[in-house]
Structure formats: C-alpha cells, structure tokens
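Convention: sequence-line order gives letters A, B, ...; per-chain numbering from 1. Just so we're clear, the structure is a prediction, and the values are computed from it rather than from any experiment.
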Amino acid sequence: MRIATWNINSVTTRLGRVLAWLETREPDVVCLQEIKTTTDAFPLMPMAALGYEAVVLGQGRWNGVAILSRVGLADVSLNLPDQPPYANEGETPIVEARAVGATVGATGSHPGVRLWSLYVPNGREPQHPHFTYKLAWLDQLAVLAASEWNAHQSAPYALLGDFNVAPTDSDVWDRARFEGSTHVTPEERARYQALIDTGLSDLIARPGKGDNPFTFWDYRGGAFHKDEGMRIDLVLANPAFAGAVTDIWVDREARKGSAQSEGGAPSDHAPIIVDLDI
DNA sequence: ATGCCAACCCGGGGTTGA
C-alpha cells in the first residue's frame with residue numbers, strides 16, 4: 001500500500017498538478033492539507049475518475065483537509081475531539097477545518113490502516129494569540145493520539161500532515177534564521193514530544209538534496225533551489241505501521257517549476273510518499 | 001526591518017502562510 005501526505009496550498013489552483021501526480025505516483029491513499037476551498041467545492045469528480053473516493057473537510061478561504069483513497073474509506077472522523085476554536089479579533093470563534101480521520105484498506109482479513117490528515121495551526125509569532133491557539137490545538141491532538149493508540153493496538157495507525165513544527169534544529173536549513181520565530185520553540189517541540197510519548201515513531205524520509213529530508217521551501221528567494229527548507233510535514237506512526245514501511249521519501253519533483261512554468265506554480269510543500277508491505 | 005512569492009478574498013489592497 002502506498003500512502004502519501006501533501007500540503008497542496010489550494011486544491012483549486014493545484015488541481016492539474018495533483019491529478020497528474022496521482023497518475024504518475026499512483027498512491028492508494030493521500031492525506032491532503034490546505035485545500036483552501038469549501039467541502040462542496042472540492043473537485044470530487046476528476047478524483048473519482050482516477051478511482052479515488054474522498055472525505056473532505058473544507059472551510060472557504062483557508063485551511064481545509066481531505067483524505068483520498070482507492071482502497072476503501074470507513075469510520076470517518078471530522079475534527080479533533082474537543083478541538084479548540086479560533087477567532088481573529090472581533091470575530092466569532094470557529095472550529096477550523098484542520099483534522100480528518102479515516103480507516104483505509106480494510107478487508108476481510110486485514111483491519112485496515114487508521115490515518116489522520118492534519119493541518120496544525122501556524123502560530124504566526126510566539127507572542128500572537130494564534131501561537132497560544134497552536135499549543136492548545138497540539139495539546140488536544142495529543143489527547144486524540146492517546147485514544148487512537150489504545151483503539152489501534154495491533155492495527156497500523158499514523159498521524160500525517162503539516163505539523164508546523166520542526167522537531168529539531170537540523171530540521172531547518174539555518175537555525176539562526178529562526179531565532180524568535182515559531183516552529184522551533186521549546187513549547188512547540190514539547191508538544192511534538194508529547195505525541196511521540198504516546199508511542200508513535202517519527203518516520204523520517206530518505207534524505208534528498210543536501211542530505212536533508214525537508215518538505216517545505218518558501219516560495220521566496222529561490223529557497224527550493226538552495227535547499228533552504230524545513231521538515232515540518234511528518235508521519236508519526238505506531239509500531240504496526242512503522243514495521244510495515246518498506247520505503248519513505250520526499251517527492252521533490254512535485255515541488256519543481258514556477259508560476260511561469262507549464263502546469264502553474266507548485267505548492268510550497270512537497271509530498272511524502274510511504275510504501276507499506278500491507 | 002523589509003522584501004522576497006503565492007494563495008485567498010475581490011476587483012487594489014489587505015491577510016495569511018512558515
């Protein structure tokens with residue numbers, strides 16, 4: 001079974017690239033983040049033409065997550081249990097579209113694989129209310145992780161997506177540049193560690209360019225070509241999942257090109273592709 | 001400190017991203 005996770009930064013803008021990528025890489029399951037459209041506007045039809053069904057949780061301009069599967073999709077969960085809401089100043093707090101769960105690949109002889117597609121809040125700046133929200137969101141994710149751990153003792157289970165946390169200093173291209181920034185603070189890394197402490201392993205992809213398994217490169221300043229990236233998209237897996245992995249790699253090809261190139265701009269994130277002996 | 005780029009809204013400029 002081939003499972004991928006990819007922050008696509010708008011499914012509408014990226015549709016051509018995503019469809020071509022599905023045909024090339026032939027993943028069985030894809031966790032998508034930042035679809036940036038409503039649930040109703042998600043392009044189900046062209047995905048279905050390639051054999052995929054989908055669970056979609058959209059939210060208009062921002063956020064939005066989905067899981068595509070061509071090996072079945074069951075036991076769908078929308079949002080984290082008790083997911084904290086957020087509001088900018090003067091707005092009504094809402095539970096944002098940042099988490100969907102599902103069981104894929106279940107058959108008569110196999111319980112299937114339990115997956116979550118996650119888009120952790122950015123945090124903006126360490127002093128910003130959005131950062132407090134990010135930490136609360138990660139705390140609630142740890143609650144989910146603990147309950148999922150218990151519910152899937154022997155079956156493969158993993159949390160995948162854009163965690164917006166660089167677990168270690170080697171997960172950013174230049175630690176000095178991140179002084180005072182989000183993604184590298186002790187508070188965020190403590191929440192990452194809490195997820196690991198539920199029993200999950202951080203499945204690090206094979207190194208790419210520059211020996212770095214980065215998954216994100218800013219659009220600006222030629223960051224991708226200089227490999228000035230970050231490892232913030234993660235696959236956190238239980239032993240049954242981790243033990244079945246035969247390969248895991250970052251598909252840097254999907255990050256290539258520009259707004260001027262054929263097919264239009266890439267996402268600023270590259271997919272992680274995981275192959276499993278399941 | 002800011003721009004660097006790309007996406008969203010909507011129709012020029014603000015907001016978000018990480």
Starting from [atom2] on [N], measure out to [atom1] on [X] and report it in whole angstrom.
X        : N     : atom1 : atom2 : result
A:Arg17  : B:dA7 : CZ    : P     : 10 Å
A:Arg177 : B:dA1 : CZ    : P     : 14 Å
A:Leu15  : B:dA6 : CG    : C1'   : 18 Å
A:Ile35  : B:dC8 : CD1   : C1'   : 13 Å
A:His225 : B:dC5 : NE2   : P     : 13 Å

Determine the interatomic distance between [atom1] on [N] and the same-named atom on [M]; round to the nearest Å.
N      : M      : atom1 : answer
B:dA1  : B:dG12 : P     : 32 Å
B:dG13 : B:dC4  : P     : 16 Å
B:dT16 : B:dC10 : P     : 15 Å

Quick one, give me the B/S/- string for nucleotides 12-18 of chain B, reading 5' to 3', where B means a protein heavy atom under 4.0 Å from the base and S means that only happens at the primed atoms, P, OP1 or OP2. --BBSBB
With a 4.0 Å cut-off on heavy atoms, is A:Arg14 in touch with a base, just the backbone sugar-phosphate, or nothing at all? sugar-phosphate
What's the verdict on salt bridge (charged side-chain N to carboxylate O under 4.0 Å, His left out) for A:Asp197 and A:Arg191, showing C-alpha distance, side-chain angles and the deciding distance? CA-CA 10 Å; A:Asp197 288 345; A:Arg191 269 67 179 189; over 6 Å; no
Kindly say if A:Thr13 contacts the phosphate of B:dC8, meaning a side-chain N or O under 4.0 Å from OP1 or OP2. yes
Assign each of A:Gly221 and A:Ala265 the nucleotide of DNA chain B bearing its closest heavy atom; nearer the 5' end lies the nucleotide of A:Gly221
Any donor-acceptor pair under 3.5 Å from A:Arg17 side chain to A:Ala265 backbone: yes
With salt bridge (charged side-chain N to carboxylate O under 4.0 Å, His left out) as the test, would you mind laying out the steps for A:Glu53 and A:Arg70 before giving the verdict? CA-CA 6 Å; A:Glu53 56 187 320; A:Arg70 63 178 192 182; over 6 Å; no
Is the closest side-chain donor-acceptor distance between A:Trp217 and A:Asp227 under 3.5 Å? yes
Pairs flagged by ring-ring contact (aromatic ring centres under 6.0 Å, His included) wherever residues 67-87 of chain A is involved - sequence neighbours left out: A:Tyr86-A:His130, A:Tyr86-A:Tyr133
Considering residues at least two apart in sequence or located in another chain, which fulfil the salt bridge (charged side-chain N to carboxylate O under 4.0 Å, His left out) criterion with A:Arg98? A:Glu96
